[in-house]
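A short worksheet on the structure shown next.
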Number of protein chains: 2
Amino acid sequence: MKINDSTTESNIMEAAKRIFVLKGFEGARMQEIADEAGINKALLHYYFRSKDKLFEAVFIDAFVKFVPTILITLNSNSPLFRKIEVFVDHYIDVLSKNPFIPGFILHELGHNTERLSKIIRTVGLNPDLFVEQVKAEIEAGSINPIDPRDLLVNMLAMCIFPFVGKPILKVVLFKNNEEEYHEFLNRRKIAAAQFIINSIKKR
Amino acid sequence: MKINDSTTESNIMEAAKRIFVLKGFEGARMQEIADEAGINKALLHYYFRSKDKLFEAVFIDAFVKFVPTILITLNSNSPLFRKIEVFVDHYIDVLSKNPFIPGFILHELGHNTERLSKIIRTVGLNPDLFVEQVKAEIEAGSINPIDPRDLLVNMLAMCIFPFVGKPILKVVLFKNNEEEYHEFLNRRKIAAAQFIINSIKKR
DNA sequence: CAATGGTTTAACCTTTGAGTTAATCCGTGT
DNA sequence: ACACGGATTAACTCAAAGGTTAAACCATTG
């Protein structure tokens with residue numbers, strides 16, 4: 001018997017991810033995913049019993065590969081300002097290579113809330129270390145007082161929003177010019193970090 | 001013959017908007033919209049010829065009712081800092097009452113880019129006045145240099161992201177407590193404006 | 001080499017959902 | 001009173017999409 005070399009399975013996962021990310025759960029077609037993977041539709045159901053199951057697998061995979069690798073920078077032990085710089089730079093960089101992932105995750109999360117808590121428990125997102133660090137800096141008087149959660153939300157917002165809002169921003173602010181938008185994102189790696197640090201830095 | 005009192009038509013629009021916003025174009029069902037409106041499915045097609053047409057009408061309506069009323073604050077002639085305060089407060093307030101609209105607009109825009117340019121032309125979004133104001137303030141030396149478009153993106157991000165990211169933020173930062181999240185949003189009306197102003201204010 | 005069993009496929013089944021049709025309802029003008 | 005015509009409906013059509021089935025394929029092993 002053939003060893004399950006799982007090349008087919010991961011092949012399916014990759015194809016399914018591309019389609020799901022592009023079209024969303026409802027918009028994706030099993031046939032389309034099969035085509036993308038270069039296989040028969042029945043084989044999808046052989047490996048993943050249903051569209052739901054396939055989506056679940058793809059979503060968890062995308063989520064797990066994505067969110068933690070970014071939040072991990074938050075738990076390093078760099079000094080705060082340096083950490084913010086690295087976080088923003090790294091995050092925007094990763095998002096540039098996967099521009100549709102955030103929209104995908106946020107959209108599907110918004111439409112299937114139950115899914116989330118299961119995943120969170122699996123992955124274990126925990127901002128406590130960052131929160132403590134910010135508190136300590138405030139105590140020490142090196143930055144202006146701010147709710148650490150606010151700060152974190154702001155950091156995330158500054159990085160993610162340019163990607164989920166890209167279609168409208170590109171048209172309204174950049175004459176629909178892709179090249180200009182790309183440059184904007186590159187400048188933003190530094191500008192956004194600067195903007196955040198400026199705001200909390202004591203002067 | 002009965003006068004077209006259009007109560008049915010706007011009734012359909014309202015119902016369709018609720019369903020579309022909640023489930024997205026692909027996820028919404030014509031039958032479901034008919035039920036929501038308390039009418040027969042064929043009547044949907046009588047008023048709006050197809051699902052696409054109905055969606056188009058709903059989307060434009062949502063977009064037009066939404067985006068400009070917010071950007072209008074940007075074209076007032078308040079001084080910059082005041083303008084930022086009003087913008088953030090007003091925007092978060094409106095979003096609190098329509099929490100699913102931004103996700104809806106961003107998602108559908110991301111999946112049907114052609115739609116956008118048509119609408120933009122109809123509505124006429126124009127940030128020039130704000131951009132000029134910011135440039136003038138920089139010239140006058142009253143704020144730190146910043147690309148006005150960056151500033152605008154930041155303002156939008158700070159307001160919108162807490163809504164599109166709500167599911168995950170609520171779980172990770174607020175123990176899935178709705179009440180706490182609501183308070184967070186309220187504090188944010190002031191905190192976000194402060195954060196932005198802090199960053200650009202010259203000291 | 002033939003039996004085994006995981007893998008893959010073509011063809012089929014079933015349900016669902018968008019859209020159509022033909023008939024009915026009912027307010028209005030004559 | 002009745003004919004006209006827009007508004008509304010029940011019942012239908014048709015295509016697409018998710019899922020199933022039974023057979024074929026082929027690498028391994030005894």
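Below, chain A is the first sequence line, B the second, and so on; all start at residue 1.
OP1 or OP2 of C:dT8 lies within a sub-4.0 Å distance of a side-chain N or O belonging to A:T8. Between B:R29 and the phosphate of C:dA18, there is a side-chain N or O to OP1/OP2 separation shorter than 4.0 Å. Close to C:dT8, at under 4.0 Å from its OP1 or OP2, lies a side-chain N or O of A:Y47. Dashed line: the shortest gap from a side-chain N or O of B:Y46 to OP1 or OP2 of D:dT8 is not under 4.0 Å.
Rounding to whole angstrom units, NZ of residue B:K53 and P of C:dA18 are separated by 16 Å. For the pair A:E32 CD and D:dA17 P, the computed distance is 9 Å after rounding to whole Å. If you measure from atom CZ of B:F48 to atom P of C:dG19, you get 14 Å, rounded to the nearest angstrom. In this structure, B:M30 places its CE atom 16 Å from C1' of D:dT9, rounding to the nearest Å. For the pair B:L54 CG and C:dG19 P, the interatomic distance rounds to 10 Å; values are reported in whole Å. Atoms CD (A:E26) and C1' (C:dG17) sit 12 Å apart, rounded to a whole Å. Distance CD1 (A:I19) to P (D:dA17): 13 Å, rounded to an integer number of Å. In this structure, the CG atom of A:D35 is 14 Å from the P atom of D:dA16, given to the nearest Å.
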Check: Can you list the steps and then say if B:F163 with B:F100 is a ring-ring contact (aromatic ring centres under 6.0 Å, His included)?
Finding: CA-CA 7 Å; B:F163 291 90; B:F100 296 113; 9.7 Å; no
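By the side chain to side chain donor-acceptor pair (under 3.5 Å) test, B:K65 is found to be paired with B:D61, residues two or more places apart in sequence or in another chain being considered. Residues satisfying the side chain to side chain donor-acceptor pair (under 3.5 Å) test with A:Q31, not counting sequence neighbours, are A:D35.
B:Y181 has its ring centre less than 6.0 Å from the ring centre of B:F184.
Counting heavy atoms of neighbouring residues, nucleotides and ligands inside a 6.0 Å radius, atom CZ of B:F66 exceeds 12 of them.
For the pair B:K51 and B:F25, the cation sits on the ring face: its NZ or CZ lies under 6.0 Å from the ring centre, inside 45° of the axis.
Between B:R188 and A:N154, the side chains place a donor N or O and an acceptor N or O closer than 3.5 Å (distance only, hydrogens not considered).
Scanning residues 38-45 of chain B for heavy-atom distances under 4.0 Å to DNA chain C yields B:K41, B:A42, B:H45.
Among the protein residues, A:A28 comes within range of the sugar-phosphate backbone only, with heavy atoms under 4.0 Å from sugar or phosphate atoms but none that close to a base.
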